[in-house]
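Below is one structure; the comments refer to it alone.
Residue indices begin at 1 and follow the sequence shown.
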Amino acid sequence: MTKSLIICKLIFKIWQRSLAKILNTKSKVVGVISFLIFIIALSVISGYCVVNPIIVMFVNGDTRSLYLLFSGILVNISVVTTALFVLVKSVIQERGEFEMQLNWFPLTTFQRNLGYKLPIFFVVFVSELFINTLLVVPSLVMNDLQGGFLLASILAFIIQITFVFFLNTIIYDFCIFIISMIGLPYRKLITLLILLMSVFYYFIENFSVEGILSSYTKFDYNILYLISGVLMKSVKVAAFNSVSYLRISIYILIIAFLALSTLFCYEKVQNNNSSKILKFLPMSKGFNRSLIIKEVKVQIRNEENYINIIIFLLLSILVRFELGNLEPNIMIIGVVSLVSSMLALNSFGNENNYFIMYKANGVELLKVLISKALGLCIIGYGLFLLITIIILGINMDIYQVLISIPIVISSIISLYILGILIPVDNKNPYMGVFAFFILFFTMIPIVVILNQIITTNMSLIIVAVVLTIILFAAFYLVAKWRIKYE
């Protein structure tokens, strides 16, 4: 256990060192603290506006409203926890340099696995608990629902987050272990597909608003909101007197035991052959065009990236078959653009040595940045169109296509900036976890603010164009700072 904590501490030290590089002046520290205060205040205000009316209904005797509120929150926790788990696993390389170095130390499989998983669990756990506590607790306190009920609510969040995280860990780790024993290639791709398909089908088959409503009269022990029954029984709601503490405890203990068992699973090292995707695409004699082609080839050939591309495409096909023809809307465009731009996160980390070489040879940084950005935009927008066509068919008109361009470009540049600030590469694969932690918290105020500003399609286009220009300027300044600092 002590050695596992040492591994965990080493990973946190890596994150701390990277954060210290970014926050190397007092003004930056003050800016980050101010930003965090802004996030907290915005989350509290937003949560109070949404949650308080429902809490008031409960105080006035409407127990159904409280059940619907907490069931919705627990469903959201389950979905977001799973999404964070999958995203983190998709960006972490199976055998990074850090892990290979630890193979020389006298560590058991249990100690090594526990040391690796603790930081991931910490990031997912703290992110979910912090946000949901900010959203709910102020309304409970303002309505004098403190003491036991407040503690029971926070405990419900803690148990649901841990339960869902363990459930994802069981599916992922046992699949990786079995595929590793069989010796199949691309075990990470196969495992993530199995996990996502399992989650997708369970959600489609077992979640509905009608189901939650009916579970108020007869609790159905749905794992998406499993702890809501315990919470309602703890506050003496008569409709939940039949909820079995023993049954839920057995579910939790079984999942905890199986999750603990995964720590003893040893994974064989698997060396996949280097990819030769786009081998037919020749390099250009022009420097700028060569950089664009090189960026496209390198990013698509990156193992994590092409695994993610295949997963995105297969999930898109699954969504099309299960949900049928969907109508184009800004939500779908936004989600698909974010998914398509994920490839930009590790672009700088994969080639940071090349940037140093460019600088040493007197190559103008702006040219390199523009070429790399164009390459990323080609990949990102091409993937966006492909996923959109799979999900929506060819229902998008030219106006929606024009709207999508600045949105996709903004997403790509945003994630590229994050990848420059916190480089994700095979030397520091767990930096991807830290990067997602930062992304999760910065997206909250941005989404809330943009939701208030964007009211028409024209305002959407204006905001997207302005945001793209601002982000590209930040893109250049941040990259220049990183190379100078290194």
Are Leu231 and Ser153 side-chain neighbours, meaning at least one heavy-atom pair lies under 4.5 Å?
yes
What residues, two or more places apart in sequence or in another chain, satisfy side chain to side chain donor-acceptor pair (under 3.5 Å) together with Arg64?
none
Would you give the length of the straight line joining atom CD1 of Ile390 to atom CD1 of Ile317, rounded to the nearest 0.5 angstrom?
5.0 Å
Nearest 0.5 Å, what's the CG-CD1 distance between Leu118 and Ile7?
9.5 Å
Answer yes or no: is there a donor N or O on one side and an acceptor on the other, between the side chain of Thr262 and the main chain of Ala259, under 3.5 Å?
yes
Once you round to the nearest 0.5 Å, how far does CD1 of Ile227 lie from CD1 of Ile158?
11.5 Å
From Asp173 CG over to Lys117 NZ, what is the distance, rounded to the nearest 0.5 angstrom?
3.0 Å
Under a 4.5 Å cut-off applied to non-hydrogen side-chain atoms, are Ile309 and Leu343 in contact?
yes
Given side chains that start at C-beta, do those of Leu155 and Leu151 come closer than 4.5 Å, heavy atoms only?
no
Suppose we screen for ring-ring contact (aromatic ring centres under 6.0 Å, His included). Which residues come up paired with Phe240, at least two apart in sequence or across chains?
Tyr67, Tyr216
Sorted by chain and number, sequence neighbours left out, side-chain contact (heavy atoms from CB on, under 4.5 Å) with Asn76 holds for Val80, Asn132
Residue pair Ile54 / Leu66: nearest heavy atoms and the distance that separates them
CG2-N, 4.4 Å
Taking all atoms of both residues into account, what is the closest heavy-atom pair of Ile194 and Cys175, and its distance?
CG2-SG, 3.8 Å
Would you please name every residue forming a side chain to side chain donor-acceptor pair (under 3.5 Å) with Tyr202, sequence neighbours left out?
Asn222
Please round to the nearest 0.5 Å and tell me the distance separating atom OH of Tyr381 and atom OG of Ser341.
13.5 Å
Contact summary for Leu383 and Leu313, nearest pair of heavy atoms
CD1-CD2, 4.1 Å
Strictly distance-based, threshold 3.5 Å: is any side-chain N or O of Gln160 a donor or acceptor partner for the main-chain N or O of Leu224?
yes
Listed partners of Ser410 passing side chain to side chain donor-acceptor pair (under 3.5 Å), at least two apart:
Thr468
Among residues at least two apart in sequence or on other chains, which ones pass side-chain contact (heavy atoms from CB on, under 4.5 Å) with Leu134?
Ile40, Ser43, Val44, Phe130
Just do the side-chain contact (heavy atoms from CB on, under 4.5 Å) check on Leu345 and Tyr416 with the steps written out, would you?
CA-CA 5 Å; Leu345 182 62; Tyr416 191 73; over 6 Å; no
Please give me the minimum heavy-atom distance between Phe312 and Met342, naming the atom from each residue.
CZ-CG, 4.4 Å
Determine the interplanar angle of the Phe219 and Tyr221 rings, folded into 0 to 90°, and report it as parallel if under 30°, tilted if 30 to 60°, perpendicular if over 60°.
perpendicular
Non-hydrogen side-chain atoms of Phe166 and Ile254 separated by less than 4.5 Å:
no
Can you confirm whether Val123 sits close enough to Leu84 that some side-chain heavy atom of one is under 4.5 Å from a side-chain heavy atom of the other?
no
Which atom pairs, one a donor and one an acceptor, fall under 3.5 Å between side chains of residues 331-339 and the rest of the protein, sequence neighbours left out?
residue	atom	partner	partner atom	Å
Ser337	OG	Ile333	O	3.1
Ser337	OG	Gly334	O	2.7

Quick one, Ile248 and Ser244 - any side-chain contact, counting heavy atoms below 4.5 Å?
no
Which is it for Val164 and Phe85 under the side-chain contact (heavy atoms from CB on, under 4.5 Å) test, yes or no, and what are the steps along the way?
CA-CA 10 Å; Val164 175; Phe85 182 90; over 6 Å; no
Quick one: side-chain contact (heavy atoms from CB on, under 4.5 Å) partners of Ile37, sequence neighbours excluded?
Ile33
Identify, with sequence neighbours excluded, every residue that meets ring-ring contact (aromatic ring centres under 6.0 Å, His included) alongside Phe121.
Phe125, Phe165
Looking at every non-hydrogen atom in both residues, tell me the closest pair between Tyr225 and Gly211 and how far apart they are.
OH-O, 4.0 Å
Between Gln299 and Asn346, is the side-chain contact (heavy atoms from CB on, under 4.5 Å) condition met? List the steps.
CA-CA 8 Å; Gln299 286 305 100; Asn346 61 4; 3.0 Å; yes
Euclidean distance, Ile77 CD1 relative to Thr162 OG1, rounded to 0.5 Å
10.0 Å
Tell me, please, which residues at least two apart from Ser139 pass side chain to side chain donor-acceptor pair (under 3.5 Å).
none
All heavy atoms of Ile417 vs all of Leu471, minimum pair found to be CD1-O, 3.3 Å
With sequence neighbours excluded, residues passing ring-ring contact (aromatic ring centres under 6.0 Å, His included) with Tyr251
none
Could you please spell out the steps behind the side-chain contact (heavy atoms from CB on, under 4.5 Å) verdict for Lys233 and Tyr245?
CA-CA 9 Å; Lys233 186 173 181 177; Tyr245 286 143; 3.5 Å; yes
With sequence neighbours excluded, what pairs up with Ser261 under the side-chain contact (heavy atoms from CB on, under 4.5 Å) test?
Phe174, Phe257
